Amino acid sequence: MKLSMTQAQRKVRTKNLWVLTSLVILIVIVFMISMNTGYIKLSPLEVVRTLFGLGTAQQALVLFDFRLPRIVLSILVGMGLAVSGCVLQGVTRNALADPGILGINAGAGLVVMLFISFFPSTTDTPVFMLPILAFTGAGATAAIIYVLSYKRHEGISPIRLLLTGIAVAAGISSATIILTLRLSPENYQFVATWLAGSIWGSNWKFVLSLLPWLIVLLLFVYLKANVLNVLNLGDLTAIGLGASIEKERRILLAAAVGLAGASVSVSGGIGFVGLVGPHLARQLVGARHQVLIPTAALTGALLVLVADTIGRWILQPSEIPAGIVVAIIGAPYFLYLLSRLQD
Amino acid sequence: MFNSKKVLASFLALFILLAGCSAKKETSKEVEIDVATEERTLTDAMGHEVTIPANPERVIASYLEDNLVALGITPVAQWTVNNGASIQAYLQEELKDIPTIPYDLPFEVVTSFAPDLLIMSGAEAVEGSTYEQYSKIAPTYVLEVENNSDWRGKLLKVGEVFDKTEEAEKVLAAYDEKAKETKTFIQESIGEESAAAIWLVNNNFFIVGDNVSSGAVLYEDLGLTMPNVVKEISSTATGNWSSISLEKLAELDADHLFLINSDKGNGAEMLKDPVWKDIPAVKNGNIYEFEAETAWLYSGPIANSQIIDDVIESLTK
């Protein structure tokens, strides 16, 4: 009996390892394809030559300054959003939780918007400000949602949290729309592309401003995997197992908000990644967060990377923001999930 | 396939231009023509030190093409939205064979033209620190005037970038002369009768403000009498063109109307509305229709000059 258990465990472990490896391989493949995708044609050979410093100046410019930062950023943003969604789903025990649906993206967007409307763009500073601003907005939104859905003696019920989130998100979105009406056409264009979730103007600065947040928060969340597992069992069981659920929940929520805020600040409002990423991951490896979190990170990265590559290629010479491509893929999936929940 | 051809073509064009350029330089050495032959450093609107090449040959100045054409400069690419579906049609006599570039200036498309100078129409165009990347493609000058409808200021700035301030001033002087003559002509032909420009798009009417775009030409440069409704709407206007309700339209007592009709393709039902038919100008047949592609929705030395031509032609009919 005991022997067969370990055998089953080993089987699961091999399977999980296999899933993770194939995800990494897939990302590497899309990475390669993405490097070859764009208005200026670079053959795979030219890409390799350029990577080793043998390309022309123009090829190096296209690859190192235009394509690579974008690709790297897509991967990072995908990881951040998917893990954020994974944590939110774990904490709220709700399969439909997602930083976008909870209004965290909208909150970050509103603050970025306010900043753009009140500070002249002639100053060249905003890039490093954006993550902090977006984080403030996301944090404030999360705090509002948390306070509104908190009830004494009952704590936070997952459903109330979700409903409050949707309501607050709707409110923030309308405020954002009112603000966009006051913008100059040029500023509006920037904001509109930003809100649509474009990794369009990305450069290494964006990567650098996102990276430290991501590393710290992803590691932190990973270390909390066991807490997430316990929270998943339901409040009563969790209390029974000795978890101080409110405190843990608050800390994990803050981490999820941080991940989403930082990602959204450089990518704009990319929705559905936080929903679809963890879901796919759960289908692949199950609900154990030690495996689920890395898998979600990889599926999220893959999703955004694919979306950005498609967006760059499909309507040349124009580009479709990655957020819109993700939404086209993600919205049907969301509806599918909804329909399954009703059964 | 198509794109690689395009790139090839632009490279060919580059070589031809380079060949032409070097040939020109040789002759200029002999004849000592008075052109700027040295690099210059200018500070742009955002405070960047921009090194302007001696003779910029491959310029991209999206949505500033009017000024380039006025100064006799041909860009390598021209502004478009919807991938060539919408361009500045009124400039096509000069820009007929110039390929288009999407208005949001994707890096790689810009790079494919191998420009030697980029002029951005405002700080918004390089929002989110994209300036750094553009400036790696070519020297990038961000042009900004305090008031966006100040087309004279824009022209002078563009002139400054190309060391053609004198030419720019000449263009302005010629324009002012033309405006003055037309003003006298208008005084003689219609006197104090009022006029307005009105734009019909998607079944909505818009009225131009009194000191922007074609409004600036009509009222400031040509001294046409402004109907009260235009005065009223302009005082609270936030954009160049302000929406005018049917009620306000009923009060529009203009004697002459310049109608820019963007609804021609879908029947322009609004022009059958009794309120419209009751406007004095419409009743008396003093209505002059222009297509949306004409200069009326733009502003700049060429656009404004074409608007004046249109006004003369309309009022002599």
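Letters A, B, ... are given to chains in the order of the sequence lines, protein chains preceding strands, and every chain is numbered from 1. These figures come from a predicted structure and were not determined experimentally.
Side chains of B:Ser112 and A:Tyr39 form a contact here, defined as non-hydrogen atoms less than 4.5 Å apart.
To the nearest 0.5 Å, atoms CZ (A:Arg70) and CZ (B:Phe107) are separated by 9.0 Å. Atom-to-atom distance recorded for A:Phe66:CZ and B:Lys136:NZ is 8.5 Å, nearest 0.5 angstrom. To the nearest 0.5 Å, atoms CZ (A:Arg67) and CD (B:Glu108) are separated by 3.5 Å.
At least one donor-acceptor pair under 3.5 Å links the side chain of B:Gln133 to the backbone N or O of A:Asp65.
Within 6.0 Å of CD in B:Glu291 there are 12 or fewer heavy atoms belonging to other residues, nucleotides or ligands. Around CH2 of A:Trp204, the count of heavy atoms belonging to other residues, nucleotides or ligands within 6.0 Å exceeds 12.
For the pair B:Thr111 and A:Gln58, the tightest heavy-atom approach, listed with the atom from each and the gap, is O-NE2, 3.2 Å.
With a 4.5 Å cut-off on non-hydrogen atoms, B:Ile101 does not touch chain A at all.
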